[in-house]
Amino acid sequence: MKALIERLVLVGAWIDKGCQLILGIQAVMLLALVTVQIFLRQIDVSISWATELSCLLFIWMTLLGSAISSRYLLHIGVDVLKDRLKGKVKKTVLFISHFILLIGLIIFIFSSFEYTLSNVNHMATTMPAISLSWFYCSLPICGAIMFYYTVIQLLELAVLGDMVKLELSPDTELIGEEVVL
């Protein structure tokens, strides 16, 4: 079972690297769009679609950032309670809370998927060639990433007795099949 967890963590590291790359590209695009808009507004010119595209990028960046933070156990939690608990009680509370989170994520993924599909025919206001579903598809995609990381954390808790808290640092890199921190 430990080998399975290691493989899942390795795949999670690749997903994390991909998400971080996408976030970096989106950040550069958002910076360029906003900067151009600022300069153009100084000469009373505006690109109507730039604001809407900026919103789309911001939504994706927010949700991808949330998905990445779930891998590093940085999501919102009641640390005061968790830190005071010890032993089996702490493990049980963490297991129950992550199991409830999994159920919530399943509901979130399916309902957001339905919502995304219901908006396929609705087009963006200033970009009529782009469906609003591009805004909303970030919800089930990022929810699925969070679900994946939460499953790994539950397995770590059940098999190893605790979740491995990964440090978010620029030194994290992949070498071969091992995650080197």
Side-chain angles (χ1 to χ4, degrees), residues 1-27 56-118 120 133-181:
M1 190 62 126
K2 287 182 182 180
L4 173 65
I5 293 172
E6 289 174 7
R7 290 283 179 195
L8 292 173
V9 168
L10 178 66
V11 171
W14 284 103
I15 292 170
D16 183 50
K17 289 291 182 188
C19 288
Q20 287 183 21
L21 176 67
I22 292 168
L23 273 173
I25 292 168
Q26 290 175 337
L56 174 65
L57 290 171
F58 185 73
I59 290 167
W60 271 95
M61 288 175 65
T62 302
L63 289 166
L64 276 176
S66 297
I68 290 172
S69 71
S70 70
R71 178 175 190 252
Y72 295 95
L73 298 173
L74 295 173
H75 49 289
I76 296 174
V78 184
D79 290 338
V80 173
L81 174 65
K82 183 186 78 168
D83 292 342
R84 290 179 188 234
L85 299 175
K86 303 285 184 226
K88 289 184 180 185
V89 174
K90 180 178 181 177
K91 182 179 174 180
T92 303
V93 168
L94 287 173
F95 192 85
I96 291 170
S97 67
H98 273 68
F99 188 75
I100 292 170
L101 177 61
L102 270 184
I103 293 169
L105 284 171
I106 290 169
I107 294 167
F108 175 76
I109 291 166
F110 282 107
S111 61
S112 61
F113 183 73
E114 288 176 6
Y115 191 71
T116 301
L117 288 179
S118 71
V120 168
S133 62
W134 284 105
F135 285 87
Y136 302 123
C137 72
S138 60
L139 296 167
I141 291 171
C142 294
I145 294 169
M146 288 183 213
F147 180 84
Y148 182 80
Y149 292 144
T150 305
V151 167
I152 292 172
Q153 292 161 1
L154 266 175
L155 287 173
E156 287 174 343
L157 193 58
V159 174
L160 306 175
D162 199 8
M163 295 175 290
V164 178
K165 181 155 172 74
L166 301 171
E167 294 298 321
L168 185 60
S169 69
D171 300 327
T172 305
E173 61 182 73
L174 295 171
I175 298 178
E177 293 188 2
E178 298 178 359
V179 178
V180 178
L181 300 176

Discussion item. Closer than 3.5 angstrom, by distance alone: can the side chain of Ser69 be matched with the main-chain N or O of Leu74 as a donor-acceptor pair?
Written reply: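 No, Ser69 side chain to Leu74 backbone: no donor-acceptor pair under 3.5 Å.
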Discussion item. With a 3.5 Å distance limit and no angle check, can you tell me whether Gln20 reaches the backbone of Ile68 through a side-chain donor-acceptor pair?
Written reply: no
Point-to-point distance, once rounded to the nearest 0.5 Å, from [atom1] of [X] to [atom2] of [Y]:
X	Y	atom1	atom2	value
Leu102	Ile109	CG	CD1	9.0 Å
Glu156	Glu6	CD	CD	10.5 Å
Ile5	Leu157	CD1	CG	10.0 Å
Cys137	Tyr115	SG	OH	13.0 Å
Ile106	Leu101	CD1	CG	10.0 Å
Ile152	His98	CD1	NE2	11.0 Å

Discussion item. I want to check something: taking the side chain as every heavy atom from C-beta on, are Val159 and Leu4 in contact at a cut-off of under 4.5 Å?
Written reply: no
Worksheet item: Within a strict 4.5 Å, meaning less than it, do heavy atoms of the Lys91 and Leu94 side chains meet?
Response: no
Do any side-chain atoms of residues 59-67 form donor-acceptor pairs under 3.5 angstrom with protein atoms, and if so which ones, sequence neighbours left out?
from	atom 1	to	atom 2	distance (Å)
Trp60	NE1	Trp134	O	3.0
Thr62	OG1	Phe58	O	2.8
Ser66	OG	Thr62	O	3.0

Discussion item. Could you walk me through whether Ile15 and Arg71 satisfy the side chain to side chain contact (heavy atoms under 4.5 Å, CB included) test, starting with their C-alpha distance in whole Å, then the side-chain angles of each, then the deciding distance to 0.1 Å, before giving a yes or no?
Written reply: CA-CA 10 Å; Ile15 292 170; Arg71 178 175 190 252; over 6 Å; no
Pairs of donor and acceptor atoms involving the side chains of residues 138-148, under 3.5 Å and at least two apart or interchain, shall be tabulated with distances.
from	atom 1	to	atom 2	distance (Å)
Ser138	OG	Phe135	O	2.8
Tyr148	OH	Leu8	O	2.9

